[in-house]
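Labels below follow one simple rule: chain letters A, B, ... track the order of the sequence lines, proteins then strands, and each chain is numbered from 1.
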Amino acid sequence: MNFVTPEISWAPLAPIIIVLGAAAIGVLIEAFIRTPATRRSVQFVYSLIALVVALGVAIVQWVALEGGGTVVAQSMLTVDRQSLAWQTMLLVFGILGLILFASRTRAGESAFTPLGSTAPGSIEETVARRRGFEATEVFPLLLFAVGGMMLFTCVTDYVFLFVALEVFSLALYIMVALARRRRLMSQEAALKYFLLGAFSSALYLFGVALVYGATTQTSFVEVGRGIDAISGREPLLLAGVALVLVGLLFKIGAVPFHSWTPDAYQGAPTPVTAFMGAATKAAATAALVRIVYTSLYPLEWEMSWVFWAVAIASMALGTVLALVQTNIKRMLAYSSVAHAGFILVAFAGFTEEAIAALPFYLLAYGLATIGAFAVVSQVRERGEDGGVGAEAVRLGQWAGLGRRSPLLAGAMALFLLSFAGIPLTAGFIAKFEVFSAAVAGGGWPLVLIGVIASAVAAFFYVRLVVLMFLTDVPDGAEDAIEVEDGSLARLVIMVTAAAVLVLGILPSGVLDVYADAAQFLVLPNG
Amino acid sequence: MFPFLTILVALPAVGAAVLWALPASARSRAREVALGVTVIEIVLFAIMALQFDKGDAGAFQFSETYAWIPQIGTSWALGINGIGLLLIALSVILTPLAILAAWREDKDVKARRDYMALILVSLSFMVGIFAARDVFLFYVLFEAMLIPLYFMIGRFGGLQRRYAAVKFLLFSLAGGLIMLVAVVALYFAGPGGEQAFLTDGLTGSLDLSVGQERLMFLAFFLAFAIKAPMVPVHTWLPDVAETARPGTTALLVAVLDKIGTFGMISLCLVLFPEAAQWAAPGIIVFAVISVIYGALLAIGQRDMMRLVAFTSVSHFGVMILGIFAFQQTSIEGAALYMFNHGLSTGALFLLVGFLVARTGTADVEAYGGLQRVVPVFAGTFLVVGLSSLSLPGLSPFVSEIMVFVGAYPVAAVAVIISAISVVLAALYILRTYQRVFTGPVPEPVPAVRDLTLRERLVAWPLIALMVLLGFAPGVAIDYLREPSADVVAQVTIEEAGA
């Protein structure tokens with residue numbers, strides 16, 4: 001076997017290099033700036049600039065892109081319109097998430113623990129808090145996550161995909177553990193997420209090995225050709241493909257690989273939940289689309305029942321379990337499981353329409369998710385010392401929020417209506433697109449089940465709206481809730497709310513972009 | 001051409017935005033602003049109606065078509081035929097009256113402002129729905145309209161309002177989502193392209209098997225039957241009527257529920273003629289059940305708001321019977337009934353509301369002998385009540401007769417059974433009048449005021465319209481003849497072909 005030094009054209013990877021490079025330098029900033037307050041400001045501004053510049057570069061690349069795109073590093077990576085569309089989306093989620101990360105309460109608290117290495121409730125923790133320590137490493141971690149996810153959307157090689165997967169997953173595991181309040185729950189969530197995540201990564205890797213065994217290839221396209229050549233069912237291949245799909249469905253959070261979602265969503269610091277909920281799903285969907293359409297499509301027949309079964313199970317279980325939740329973060333987590341089901345509905349029949357519909361769905365879903373968790377981060381309990389306490393996540397605590405702060409509750413209602421797919425919100429257009437794609441592919445029954453699930457889901461979204469607007473604050477509980485007004489969080493809420501409305505009323509421009517993006521540079525038969 | 005319809009849709013929404021943007025000092029003027037907006041709306045509508053070409057009432061006039069989301073084939077396409085014109089008339093007439101009726105409902109300035117803004121928003125949606133010439137646009141407005149209504153029911157009204165609002169929302173949403181599947185399917189069955197959802201383009205060009213067409217018809221019909229409300233999916237209406245504010249209920253039953261019957265005529269029949277033929281016998285059975293069951297339940301009610309709600313279930317049954325008889329006269333009658341029922345039931349709900357505002361209860365048993373105390377109120381109530389039981393000389397009579405006469409040749413049994421409802425109507429209306437207004441004056445004499453000027457301004461214009469259309473129904477029927485003929489032609493072409 002000859003080892004050939006790969007020739008890599010770096011330019012198409014510029015946005016990813018900017019983000020990952022900035023992340024690496026961000027780690028150095030951690031080491032060299034000692035004052036926590038300064039470090040925090042520097043890290044925030046620096047990371048923001050990195051993401052905005054990367055977004056600018058990605059947009060320029062989109063505009064300047066001629067032909068289909070570029071194959072980088074000997075078919076390890078492909079930068080085409082499809083991946084650029086996902087990359088810009090992830091950068092937008094990253095920017096919004098970053099702003100939420102930097103948001104602080106009136107008392108100047110961030111959402112993160114001062115020092116992650118202290119034991120919860122220990123003296124060290126108290127000291128760290130008194131000294132005003134700051135866990136500013138979340139900023140470079142966020143950059144690593146965003147960079148890894150961007151890489152995830154343009155990788156065209158099974159082994160390299162694993163690398164990208166681990167880059168963003170490891171960053172997420174750490175961030176989940178860093179909640180300032182309810183720290184034990186946060187650490188438990190991170191541990192569960194890590195163990196299950198590592199398990200699914202291992203399954204994925206095993207799957208790749210089996211696929212390699214069957215086709216002697218690791219690049220998407222070559223595997224696709226290999227599957228074509230095998231023609232007929234090869235148990236080794238089928239087992240491999242099944243395990244690969246498990247790895248990706250785990251990240252999307254589809255049943256039966258969803259069990260990490262409620263705990264991770266609930267335990268993670270809310271800004272992390274917001275970012276993770278929006279971006280992980282988008283990145284995983286992007287990779288799934290690319291794998292299915294460029295590599296595994298010869299197995300359409302064998303795969304379709306998997307997608308159908310997982311979609312139905314996710315919609316049904318996600319909806320039913322969301323109904324019985326009393327914790328807002330858990331409710332949104334199960335709702336995300338149901339949405340994973342809706343995402344998979346688009347795959348019914350593996351139509352061309354799905355490639356254009358999915359980015360829009362993920363964009364609409366991601367914006368509403370970030371907005372909704374931003375609102376959650378603003379509604380606080382009153383602490384024992386009379387100050388602002390942890391987030392008020394019990395549903396009952398939200399009673400009468402509409403009277404207290406109509407704009408915040410109004411925005412939340414908008415996000416919930418978008419989740420429910422009510423017209424004039426982005427969620428409706430997204431759902432319509434996904435259902436159209438499924439109908440085009442003959443997925444009638446799936447759409448019917450999707451519609452029934454939506455109707456049931458509307459019940460729990462509306463229940464929160466009822467609580468906020470139509471229920472009075474219980475007697476004696478007027479002071480139990482404190483509404484924060486962090487200007488950064490407000491900014492995120494305003495931007496996402498406006499985007500959800502605009503995408504719901506005038507989606508043409510964005511739909512055009514995603515229609516342009518609905519092509520892959522490299523196809524096995526092309 | 002002047003974009004009348006877009007402006008009629010946008011004006012109330014802009015008005016609502018203005019209300020929400022009012023500074024705190026000007027907030028107490030919300031009612032006047034809202035009323036002003038609706039008056040401008042009426043004037044604009046009147047100018048448009050005068051330009052409407054009666055000779056060509058079957059065609060869509062004042063058409064506007066702009067690309068909206070060409071990627072999914074939907075356009076901002078508005079346009080009205082005679083039926084649409086009449087129903088928009090009903091909307092713009094009743095909205096200011098509902099505002100007047102709610103004039104003193106809220107002490108809290110903010111709540112009052114919110115209520116007025118919500119009424120304006122729903123007016124936007126009503127006009128938009130009756131003017132939509134694009135199925136997707138129709139669907140979007142049909143579903144989005146639930147949001148303002150949900151808040152109108154859930155925030156303002158009696159003790160059970162939250163329950164009623166959620167019930168209303170879930171019923172409507174369930175119907176709407178099933179319709180969504182059919183809307184998606186329509187895209188694939190139709191001509192496709194950037195204007196795939198235009199009603200004109202879809203009519204007669206659907207590529208569907210018999211089974212598919214029937215399923216899609218049922219999906220649309222279910223959504224409209226819930227809205228209309230028809231037995232057995234009517235149960236949300238009495239609960240809402242009982243607890244919501246009378247103005248809300250009046251708008252809901254008088255105008256918004258007409259979207260159901262309007263959709264049946266202009267979408268179900270036109271798009272799926274064969275399936276409509278196929279389903280008609282079954283639907284007529286349910287319509288007749290609605291007619292009789294609604295009337296019987298109305299007789300049994302003690303709560304007057306519930307009573308009026310059940311009479312509406314009965315009346316909607318008559319309309320649906322007229323629609324699915326597929327006769328020129330019966331469809332004309334049904335369309336006219338939609339308008340007349342709006343006037344008469346709207347007035348009835350508002351009057352009961354005035355009574356409840358005086359005494360705090362809608363329980364029939366709590367009243368008696370009010371005739372002597374409030375003679376004007378009693379007289380007004382009696383006239384409106386008589387219109388609801390279809391007394392000749394008042395407009396609902398004409399439309400009910402047209403439905404029965406028109407449908408008789410094809411559905412004699414159904415008509416004969418439904419005609420019993422006329423007797424039952426006399427029973428529920430007159431008994432109510434009797435128990436509330438006649439009999440000995442209770443001691444001590446209840447301190448109930450007679451109709452105030454504001455309340456007369458609400459009730460009497462409606463009565464005037466009913467008398468006018470009772471004696472000269474031709475004024476309205478001229479607008480309905482051609483649209484009905486077109487619908488009948490559309491349905492029967494298929495029959496001739498089959």
Side-chain angles (χ1 to χ4, degrees), chain A residues 353 356-357 360 402-403 406 410 413-414 417 420-425 428-429 431-440 442-459 461-463 465-467 469-472 503-515, chain B residues 20 67-74 76 108 110-111 114 125 136-147 150-157 161-189 192 194 196 212 215 219:
Chain A
E353 282 88 343
F360 192 89
R403 303 271 159 82
L414 180 68
L417 292 177
I422 303 285
L424 302 184
T425 61
F428 170 67
I429 305 285
K431 211 166 249 178
F432 184 85
E433 285 269 288
V434 162
F435 285 173
S436 300
V439 170
W444 265 96
L446 269 186
V447 172
L448 262 183
I449 295 170
V451 159
I452 295 168
S454 306
V456 178
F459 181 75
Y461 295 127
V462 165
R463 189 172 52 181
V465 178
V466 171
L467 268 176
F469 285 99
L470 309 182
T471 311
D472 291 322
L503 287 179
I505 298 171
L506 296 170
S508 293
V510 179
L511 285 174
D512 266 340
V513 168
Y514 289 142
Chain B
W20 271 311
W68 176 29
I69 316 177
Q71 290 89 345
I72 53 180
T74 180
W76 177 261
D108 177 29
K110 252 175 143 175
D114 288 348
F125 283 123
F136 188 90
L137 176 65
F138 179 92
Y139 178 79
V140 164
L141 297 173
F142 183 81
E143 286 285 272
M145 183 190 68
L146 299 177
I147 301 167
Y150 169 72
F151 283 108
M152 277 167 79
I153 298 169
R155 258 191 75 182
F156 307 93
R161 60 179 190 272
R162 255 172 291 149
Y163 167 76
V166 171
K167 190 165 176 183
F168 162 76
L169 189 75
L170 290 182
F171 263 77
S172 309
L173 215 53
L177 283 168
I178 291 172
M179 185 170 144
L180 176 63
V181 182
V183 172
V184 173
L186 211 50
Y187 178 83
F188 292 99
E194 299 201 335
Q212 284 169 336
L215 281 176

Under 4.5 Å to a heavy atom of chain A? For B:Leu141 that would be neither
(Q) Any heavy-atom pair between the side chains of A:Ile422 and B:Leu173 that's under 4.5 Å? (A) yes
One should read off an interatomic distance between A:Leu417 CG and B:Ile147 CD1, to the nearest 0.5 angstrom, of 5.0 Å
Applying a strict 4.5 Å limit to non-hydrogen atoms, the region of B:Tyr187 in contact with chain A is neither
Against chain B, residues from residues 449-457 of chain A with at least one heavy atom under 4.5 Å, in numeric order, are A:Val451, A:Ser454, A:Ala455
Applying a strict 4.5 Å limit to non-hydrogen atoms, the region of B:Phe142 in contact with chain A is neither
If one checks every heavy atom of B:Ile69 against chain A at 4.5 Å, the contacting part turns out to be both
| said: Treating A:Ser508 as the side-chain partner and B:Trp68 as the backbone partner, does any N or O pair qualify as donor plus acceptor under 3.5 Å? | reply: yes
Checking heavy-atom separations under 4.5 Å from chain B, one finds in residues 433-440 of chain A A:Glu433, A:Phe435, A:Ser436, A:Val439, A:Ala440
| task | Check whether any side-chain heavy atom of B:Leu180 sits under 4.5 Å from a side-chain heavy atom of A:Phe428, and report yes or no. | result | yes
### Exam field: side chain B:Arg162 to backbone A:Thr471, donor-acceptor pair closer than 3.5 Å
no
Across all chains, not counting sequence neighbours, the side-chain hydrogen bond (donor to acceptor under 3.5 Å, both in side chains) partners of B:Tyr139 are B:Glu143
With sequence neighbours left out, the residues meeting side-chain hydrogen bond (donor to acceptor under 3.5 Å, both in side chains) with B:Arg155 are B:Asp114
If one checks every heavy atom of A:Leu470 against chain B at 4.5 Å, the contacting part turns out to be both
The interface call for B:Val166 against chain A, heavy-atom contacts under 4.5 Å, is side chain
With a 4.5 Å cut-off on side-chain heavy atoms, are B:Val184 and A:Trp444 touching? no
